[in-house]
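Encoded as structure tokens, the structure appears first; notes follow it.
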Amino acid sequence: MTQTGIDNLANEDRSFEPPSDLAAHANVTAEAYDRAASDRLGFWAEQAERLTWDTPFTEVLDWSNPPFAKWFVGGRLNVAYNCVDRHVEEGRGDKVAFHFVGEPGDTRDITYSQLKDEVSKAANAITELGIEAGDRVAIYLPMIPEAVIAMLACARLGAPHTVVFGGFSSDALASRVEDCEAKLVITADGGYRRGNPSALKPAVDEALVKLGDRSPVEHVLVVRRTEQDTEVTEGRDVWWHDVVDSASPEHTPEAFDAEHPLYVMYTSGTTGKPKGILHTSGGYLTQCAYTFNAVFDHKRDTDVFWCTADVGWVTGHSYIVYGPTAEGATQVLYEGTPDSPHKGRWWEIIQDKKVTLFYTAPTAIRTFMKWGDDIPAQYDLSTLRILGSVGESINPEAYVWYRTNIGGDRTPIVDTWWQTETGAHMLSPLPGVTTAKPGSAMGPLPGISAEVVNDEGQPVGNGEGGYLVLTEPWPSMLRTIWGDDQRFKDTYWSRFKDMYFAGDGAKKDSDGAIWLLGRVDDVMNVSGHRLSTTEIESALVSHPTVAEAAVVGAADDTTGQAVVAFVILRESAGEAGGTEEAIVALRNHVAKEIGPIAKPRQIMVVPELPKTRSGKIMRRLLRDVAENREVGDATTLADSSVMDLITAGLKKPA
Ligand code: ATP
Ligand code: MG
């Protein structure tokens with residue numbers, strides 16, 4: 001028995017061809033793969049022409065000091081000018097940039113010329129607060145237009161931002177503010193969550209008290225959103241409406257080097273302590289703009305795009321704030337949760353705003369599966385033409401549900417694999433080109449080089465499992481981990497020679513399609529078989545009673561590790577779904593679907609699963625539960641009460 005790679009258990013033979021009318025008018029055709037393969041750097045130089053440069057670059061890539069890349073050497077540009085001003089200058093000032101929908105039902109349409117004024121005013125106000133190019137700014141806001149405006153204002157000033165998810169605690173905020181030495185924090189009194197105003201500003205105050213003398217923060221800029229009582233520290237705190245609203249809408253954007261830092265984003269922390277990922281300007285914006293155009297087949301005159309991610313996650317950076325605006329898109333920005341005030345809220349928004357391109361995460365799709373098909377069926381979703389998925393592998397069953405119930409069995413699904421570190425899409429089908437298989441991210445986009453390799457770094461195929469690597473640098477790659485070049489090298493560039501190690505397991509099937517199998521850290525070793533979490537979870541989700549599943553390897557005397565599963569049942573399963581017979585049937589279902597070796601030793605029915613803010617399951621915490629240990633660091637959980645809910649439920653006498 002070899003210890004190499006990961007076992008291949010699942011076999012999925014459904015596939016969906018691109019709709020012929022979409023293929024006939026697609027922005028990107030199969031030719032792009034050939035073009036990029038014959039001259040990768042020339043291809044990216046062409047894509048960089050999507051941007052407006054103050055000074056043209058003289059070299060596409062400087063890779064003389066790997067793994068430290070420099071893209072578009074010598075080029076100078078202003079990112080915010082590219083995302084905002086130039087659309088106004090080119091006569092698109094009246095085009096809606098954002099249809100904002102607040103959770104309580106307030107709406108606000110913001111055109112590109114209004115966005116230009118707002119960003120300029122914010123840039124002037126932030127300058128008045130002492131921020132200069134190179135200074136860091138922390139942004140801790142709900143999903144309101146000011147979040148986008150604040151980010152673009154920082155970009156305009158060349159002041160790298162670090163956005164901290166509004167659901168995080170004061171501890172998480174404090175550690176990020178300290179790590180990147182932010183001089184300014186931009187926050188709000190609060191935001192709306194499930195019908196109620198929830199406060200944000202007190203967490204900022206707490207974080208700054210905790211940091212005490214170590215606090216690098218000089219000012220706190222506070223947006224009024226909920227009008228709740230808010231403490232103001234004289235001399236330090238200022239209201240957005242006092243300083244931004246009265247600022248001049250005239251602001252001349254300065255051009256910065258292509259490699260000027262744009263932002264630091266901390267990873268989700270699914271597998272451990274978050275890493276401060278540094279992204280820079282020219283290469284990042286080029287790849288965000290290109291992939292947005294190619295993967296969503298974005299048509300500026302007719303499409304309405306909605307990405308449901310929070311701006312506190314990289315997806316919100318690349319596919320709300322930077323990529324779509326660089327391409328002049330019209331977008332929906334929604335503040336709240338999908339079930340407030342009712343479980344059809346998202347579909348209602350799609351119907352109202354006539355959304356054509358929709359981008360969300362598998363975790364959300366499984367939640368909708370749990371709630372039932374009849375909810376989306378009440379809305380007119382016929383404007384949709386492409387659906388996207390990001391964050392985890394999408395279980396084939398969830399894929400088919402999404403395509404059928406949301407996409408009317410008409411829309412292609414783009415399953416986009418990428419990471420905070422990669423900055424933009426890396427693997428994905430192209431909607432007008434690729435015949436896509438449910439559960440597979442298919443392959444690298446034009447201009448991207450990826451492989452699946454074994455322990456020795458040799459490519460594998462025909463369903464063999466291994467590790468996903470990127471074999472050539474790409475424009476939106478991370479440049480380092482903030483303040484820690486050594487950790488950057490150790491984490492990503494030392495596992496294999498001259499290749500970027502993504503940390504994800506993968507397999508390549510006989511057609512060359514790539515299937516992500518879950519984190520390498522989460523691979524289970526059962527009697528010498530290396531099993532992927534993804535395949536077993538998908539087998540569980542393919543059972544009609546199961547909405548969501550998480551599996552972990554727990555220590556086992558006979559098999560080394562045993563598969564332990566946590567499942568959330570669909571509402572339609574009722575009480576019967578959780579009986580002892582039902583659990584036995586579920587275990588047998590996994591054995592039948594993908595093999596006896598994968599049969600869970602134990603299945604626990606739970607009301608919720610521990611997830612990061614981006615909806616990723618934190619399996620390491622479930623491993624603690626399965627092995628009866630004290631639960632580890634849960635600070636990056638979206639909802640920290642979930643672990644109590646799970647452990648309390650399991651302690652119930654059987
Ligand atoms: P940390 O690195 O701190 O543990 P994280 O990896 O969860 O956090 P992100 O950068 O938000 O932080 O997530 C990237 C990861 O998400 C990928 O490495 C992969 O495991 C998973 N992922 C994202 N998209 C897909 C996809 N389409 N298919 C499969 N996995 C995906
Ligand atoms: Mg990661």
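Because only heavy atoms are used, hydrogens play no part in the values below, and waters and symmetry mates are left out as well, while side chains stay in. Start at 1 and go down the list; that is how both ligands and their atoms are numbered.
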* Under 6.0 Å between ring centres, would you say that holds for F488 and F68? -> yes
* Would you please indicate if the ring centroids of W474 and W71 are separated by under 6.0 Å? => no
Please tabulate, one line per pair, the protein nitrogen or oxygen atoms found under 3.5 angstrom from a nitrogen or oxygen of ligand 1, with distances to 0.1 Å, or say none if there are no such pairs.
residue, atom, partner, partner atom, Å
ligand 1, 2 (O), K275, NZ, 3.1
ligand 1, 3 (O), T267, OG1, 2.6
ligand 1, 3 (O), G269, N, 2.8
ligand 1, 4 (O), T270, N, 3.0
ligand 1, 4 (O), T271, N, 2.7
ligand 1, 4 (O), T271, OG1, 2.6
ligand 1, 6 (O), R519, NH1, 2.7
ligand 1, 6 (O), R519, NH2, 3.4
ligand 1, 7 (O), T270, OG1, 2.3
ligand 1, 7 (O), R519, NH2, 2.8
ligand 1, 8 (O), S268, N, 3.3
ligand 1, 8 (O), G269, N, 3.1
ligand 1, 8 (O), T270, N, 3.4
ligand 1, 10 (O), T420, N, 2.8
ligand 1, 10 (O), T420, OG1, 2.5
ligand 1, 11 (O), S268, OG, 2.8
ligand 1, 11 (O), W313, NE1, 3.3
ligand 1, 12 (O), S268, N, 3.3
ligand 1, 12 (O), S268, OG, 3.2
ligand 1, 13 (O), K616, NZ, 3.1
ligand 1, 16 (O), G391, O, 3.3
ligand 1, 16 (O), K616, NZ, 3.0
ligand 1, 18 (O), Q419, NE2, 2.9
ligand 1, 18 (O), D504, OD1, 3.3
ligand 1, 18 (O), D504, OD2, 2.9
ligand 1, 20 (O), D504, OD1, 2.8
ligand 1, 20 (O), D504, OD2, 3.0
ligand 1, 20 (O), R519, NE, 3.2
ligand 1, 22 (N), G391, O, 3.2
ligand 1, 24 (N), G391, N, 3.1
ligand 1, 27 (N), D415, OD1, 2.7
ligand 1, 27 (N), T416, O, 2.8
ligand 1, 28 (N), E392, O, 3.3
ligand 1, 28 (N), S393, N, 3.3

* **NE2 on H425 to CD on Q419, rounded to 0.5 Å** =>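 It is 13.0 Å, given to the nearest 0.5 Å.
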* What pairs with K507 under salt bridge (charged side-chain N to carboxylate O under 4.0 Å, His left out), at least two apart in sequence or on another chain? -> E535
* List for me each residue that meets ring-ring contact (aromatic ring centres under 6.0 Å, His included) alongside Y33, sequence neighbours excluded, and say none if there are none. => none
* To do: Tell me, please, which residues at least two apart from Y290 pass ring-ring contact (aromatic ring centres under 6.0 Å, His included).
  =>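 Only F43, W44 meet the ring-ring contact (aromatic ring centres under 6.0 Å, His included) criterion with Y290.
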